[in-house]
Structures are given as C-alpha cells and as structure tokens.
Amino acid sequence: MRIVTVGDNCMDVYQASGKAYPGGNPVNVAVYLTELGAEAAYIGWVGTDMYGEIMIQAIRDKGVDTSRISKKPGKTAVTHVEMMGNDRKFGDYDEGVMAQFSLTPEELGFAGNYQLVHSGIWGHADKYFAAFKEKGLVTSFDFSDQLGDELVQTLTPHVDYPFFSYTRDDDYIRGLLTEVKQRGSQIAVATLGENGSLAYDGERFYTCGVGKVDVVDTMGAGDSFIAGFIYGRLKGISIEACLELGAATAAKTIGYFGAW
C-alpha cells in the first residue's frame, strides 16, 4: 500500500508551554498511515529556519519518505495553538514559504508512482488533482470545516474520497454529502466530533459512533480518522469497518499532546 501526501505542513506552537509539534494535514496523514503499516511519502516545502530542520527530521523519524521535501529561503509555517480545556483553539497562522507552494513536473511524476494521493484545503495542491486523476491515482482531500468554500463545488469531481468536518448528523450535512457524491466522488465522508462520523456511497448513509476515551488534546484527530479510513479502503474492507478504523485511529491520537 503506497500513498503520497502533498501540501501544507506547519509547526503547532502551544502558547502556554512554548512547545512546538510538527503537523499539518498532509504530514499528519502520512505519519498515521505509516503507523498503520502503509508506505507513505510527503511532498512539501519548509523554510531555512530551525523549524524546517525539525520538521524534516521528525517526519523522517516516523518512517515517511522525505526525499521530496524542499527547503526554500524563508520561514517554515507556524500555527499558534491555545488549549481550551482539552480542546485546542487555533490562533495566528503564518504560512511562511508554503504560501507559494507548487509542484514541479518531476514531483508530479513522482506522485504518479503511488496508489493514492491526499491533500487538504490549505495545501495549495488542489490545482493538480485533475492531473492526479489522469495518472490513474485514487484521490483523497480534506475540506476541513470549510463547507462553503468554492472548492467543494469545483474540486470534488476529481476527488474519490472527500472529507468534511461538521458537528452533528442532520439534513444539511446529509444533503452536502449527497451533492458531493453526485459530482463524481466514490464515498463522501464527514467527521462529526463527539457525534461520530457519517459516510455516503450513493445508495445509503453509514454512521459510526465514538468510543469512550480520556481526551488529552484533540489535535490531529480528524487527520488520523482520515488515515484510518483511507487505509481501510485500500485494504478493501467495508465502509462500516473503515469508519470504525478511522474512529479507533483518532481515539489513539487524542490521548496525547500534539498531532503525533
């Protein structure tokens, strides 16, 4: 099982402690997939600062292929995080060098050697998804909680597994997943926080709850769910089992500080 993730990375800097943890949706998904047993590579840009070195080394130490991480003059992206109880609140976000991210023809060719490509809404990789599909790649994309973004309309025809973040199972999210599926996706999925998850395959809706777990930090929970679901789909297990695997992977992540 070979997966490549493309786009944003950032250092999550916790205001209270000053500690910094590597993160970013594509990075997190690659790390979690590697932990599940997949072979994963990450393509992205870091700055020439201290955080850039920390990011590359941390990802490499997790077993992810870092050969296509590029260092660019400037700063690595940083997100400032505040803890509100055991939940996290994002503060200022400085994209750093990732603001100008693009892929070279060589990197597009490299991505074409994998089974599935994943990115997210802040990754600046959406413009390559039509090309990924033309290369025969399975595609996955995290729209996060940006349900009204124009990419939900324009990108989803090129995304097999689109993921959304919402709060509850209601008519709105079911309608959105239905529309997205009708545009060409294979399975549209929404994570619903403490209310579990929801998936739609064009024929029926599937639901999954969450188990009881001591929550330390919710950072990375959605990304780990995505990794579990993707892993399950490539393994050929049922949609219900994919939702359960995603929930189990997320439950592990929220038991410690930082994404991983």
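Predicted model only: the values in this text are computed from it and were never measured.
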* Can you check ring pair (Phe, Tyr, Trp, His ring centres under 6.0 Å) on F143 and F141, steps first, answer last? -> CA-CA 6 Å; F143 291 89; F141 195 89; 4.7 Å; yes
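Side-chain contact between F163 and V29 is absent, with no heavy atoms from C-beta onward closer than 4.5 Å. No side-chain heavy atom of I69 sits less than 4.5 Å from a side-chain heavy atom of N9. Within the 4.5 Å cutoff, the side chain of L36 has no heavy atoms near those of the M1 side chain. Side-chain atoms of I230 and Y161, non-hydrogen and from C-beta on, never get closer than 4.5 Å to each other. A heavy-atom distance below 4.5 Å is not found between the side chains of Q100 and K72. H118 has its side chain within reach of N25: a pair of non-hydrogen atoms, C-beta onward, lies under 4.5 Å apart.
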Donor-acceptor pairs under 3.5 angstrom involving side-chain atoms of residues 238-248: please list them, not counting sequence neighbours.
{"unit_1": "S238", "atom_1": "OG", "unit_2": "A241", "atom_2": "N", "d": "3.1"}

Under 3.5 Å donor-acceptor pairs involving side-chain atoms of residues 191-198, not counting sequence neighbours:
{"unit_1": "T191", "atom_1": "OG1", "unit_2": "F164", "atom_2": "O", "d": "3.4"}
{"unit_1": "N195", "atom_1": "ND2", "unit_2": "T167", "atom_2": "O", "d": "2.7"}

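Sorted by first and then second residue, the salt bridge (charged side-chain N to carboxylate O under 4.0 Å, His left out) pairs with a member in residues 113-138 read K133-D160; sequence neighbours excluded. Among pairs with a residue in residues 167-185, those fulfilling salt bridge (charged side-chain N to carboxylate O under 4.0 Å, His left out) read R168-D170, D169-R174, E179-R183, at least two apart in sequence or across chains. Applying the salt bridge (charged side-chain N to carboxylate O under 4.0 Å, His left out) definition to pairs two or more places apart or across chains, those involving residues 103-123 are R68-E106.
Under a hydrophobic-cluster definition in which Ile, Leu, Val, Met, Phe, Trp and Tyr are linked whenever side-chain heavy atoms come within less than 4.5 Å, directly or via other members, V180 and Y166 are assigned to the same cluster.
No close placement of the Y32 and Y231 rings is indicated, their centers lying 6.0 Å or farther apart.
In this structure, the side chain of S119 engages the main chain of V6 through a donor-acceptor pair within 3.5 Å.
In this structure, Y128 and F132 have tilted ring planes: the angle between them lies in the 30° to 60° band.
The side-chain hydrogen bond (donor to acceptor under 3.5 Å, both in side chains) check on S102 picks up nothing, with sequence neighbours excluded.
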